[in-house]
Amino acid sequence: MDFVEGVGKDRAGLQFLKQLGADGILTTKTNMIRPAKDLGLVTVQRFFIVDSHSVDTAVESIRIAKPDVVEIMPGVVCKKIREFAQKVSNDILAGGLVEFKEDVDEAIAAGATAVSTANRELWNYR
């Protein structure tokens with residue numbers, strides 16, 4: 001929904017898409033979920049999770065909007081760390097949502113040089 005050009009990001013735009021045969025929408029916009037559900041469209045709400053604040057924000061948005069499906073992005077972080085490590089000579093610092101020793105281990109195994117975390121218990125790990 002967010003990238004459809006020429007269609008309003010409102011109830012009229014949703015009605016138009018439904019008339020064209022759309023079964024549902026995918027959007028990052030919380031305010032689009034309720035009107036889409038009211039029209040009988042399947043709703044997928046996308047969230048970009050980069051840190052603990054974005055987790056809290058997403059959970060609150062989900063509680064308010066009640067989308068049918070939630071998409072969490074990125075879904076392949078370690079794969080992308082590995083890709084970057086193969087393509088650049090820079091050190092790679094993995095940050096955001098690093099909460100456990102396993103998170104550190106996975107990021108390092110994927111090619112990160114180090115990780116950043118607010119979890120003080122991990123500051124001297126490894």
Side-chain angles (χ1 to χ4, degrees):
M1 184 69 197
D2 301 355
F3 300 112
V4 177
E5 294 184 20
V7 176
K9 309 302 186 251
D10 55 17
R11 185 174 195 82
L14 291 167
Q15 287 175 322
F16 178 71
L17 291 175
K18 182 169 176 134
Q19 288 173 348
L20 290 177
D23 294 318
I25 64 163
L26 186 149
T27 183
T28 60
K29 299 176 182 358
T30 301
N31 66 332
M32 296 298 295
I33 299 297
R34 177 56 42 208
K37 287 179 73 79
D38 290 346
L39 291 168
L41 294 167
V42 174
T43 57
V44 179
Q45 190 169 6
R46 173 181 284 169
F47 294 95
F48 294 94
I49 304 298
V50 296
D51 56 22
S52 57
H53 178 72
S54 60
V55 171
D56 295 340
T57 301
V59 168
E60 186 60 24
S61 292
I62 293 163
R63 285 184 181 147
I64 291 168
K66 297 178 176 51
D68 298 306
V69 179
V70 173
E71 180 183 27
I72 301 298
M73 294 181 68
V76 291
V77 175
C78 285
K79 179 179 176 183
K80 288 300 169 186
I81 291 172
R82 189 170 291 107
E83 182 179 321
F84 268 87
Q86 292 171 351
K87 292 182 177 181
V88 300
S89 60
N90 307 67
D91 286 337
I92 297 172
L93 177 64
L97 300 172
V98 177
E99 300 174 317
F100 306 103
K101 291 178 180 179
E102 295 80 17
D103 301 330
V104 174
D105 294 338
E106 289 174 14
I108 298 297
T113 308
V115 299
S116 63
T117 180
N119 182 348
R120 290 177 178 235
E121 293 176 13
L122 297 179
W123 287 2
N124 292 315
Y125 177 65
R126 292 193 94 173

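Every heavy atom of this structure was used, including side-chain atoms; hydrogens, water molecules and symmetry mates were not. Computed from a predicted model, the values in this text were never measured in an experiment.
Looking at every heavy atom in both residues, Thr28 comes nearest to Phe48 through CG2-CE1, 4.0 Å. Minimum heavy-atom separation, Ala94 to Ala112: CB-CB, 4.0 Å. Nearest heavy-atom pair, Ala58 versus Ile49, reported as atom, atom and distance to 0.1 Å: CB-CD1, 4.0 Å.
Note: Gln45 CD to Ile72 CD1 = 9.5 Å, rounded to the nearest 0.5 Å. With rounding to the nearest 0.5 angstrom, the CZ atom of Phe47 is 10.5 Å from the CD atom of Glu71. One finds the OG1 atom of Thr57 at 10.5 Å from the CD1 atom of Ile62 (value rounded to the nearest 0.5 Å). Taken from CE in Met32 to CZ in Arg11, the straight-line distance is 10.0 Å, to the nearest 0.5 Å. To the nearest 0.5 Å, atom CG of residue Asn119 and atom OH of residue Tyr125 are 12.0 Å apart.
Between Leu97 and Val55, some side-chain heavy-atom pair lies under the 4.5 Å cut-off. At least one side-chain heavy atom of Val98 sits under 4.5 Å from a side-chain heavy atom of Val104. Considering only heavy atoms from C-beta on, Ile64 stays 4.5 Å or farther from Arg34 through its side chain. Side-chain contact between Val44 and Pro67 is absent, with no heavy-atom pair separated by less than 4.5 Å. The side-chain heavy atoms of Thr117 and Phe100, taken from C-beta on, include no pair separated by under 4.5 Å. Side-chain contact between Leu41 and Leu14: present, with at least one pair of heavy atoms (C-beta onward) separated by less than 4.5 Å. Put simply, the side chain of Lys66 does not reach to within 4.5 Å of the side chain of Thr43, judged on heavy atoms. Looking at heavy atoms from C-beta onward, Lys9 lies out of side-chain contact with Thr27 at the 4.5 angstrom threshold.
Around NZ of Lys101, the count of heavy atoms belonging to other residues, nucleotides or ligands within 6.0 Å does not exceed 12. Other residues, nucleotides and ligands contribute more than 12 heavy atoms inside 6.0 Å of the CZ atom of Arg126. A 6.0 Å sphere centred on CG of Asp23 holds no more than 12 heavy atoms belonging to other residues, nucleotides or ligands.
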Derivation and outcome, side chain to side chain contact (heavy atoms under 4.5 Å, CB included), residues Val59 and Arg63: CA-CA 6 Å; Val59 168; Arg63 285 184 181 147; 3.7 Å; yes
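Residues meeting the side chain to side chain contact (heavy atoms under 4.5 Å, CB included) test with Val7, sequence neighbours left out: Met1, Val4, Phe16, Leu17. Partners of Ala110 by side chain to side chain contact (heavy atoms under 4.5 Å, CB included), not counting sequence neighbours, listed by chain and number: Cys78, Ile81, Arg82. Taking the side chain to side chain contact (heavy atoms under 4.5 Å, CB included) definition, one finds that Phe84 meets it with Ile92, sequence neighbours left out.
Linking Ile, Leu, Val, Met, Phe, Trp and Tyr residues whenever their side-chain heavy atoms come within less than 4.5 Å places Val69 and Leu26 in a single cluster. Note on Leu93 and Trp123: separate hydrophobic clusters, where clusters join Ile, Leu, Val, Met, Phe, Trp and Tyr whose side-chain heavy atoms are under 4.5 Å apart, directly or indirectly.
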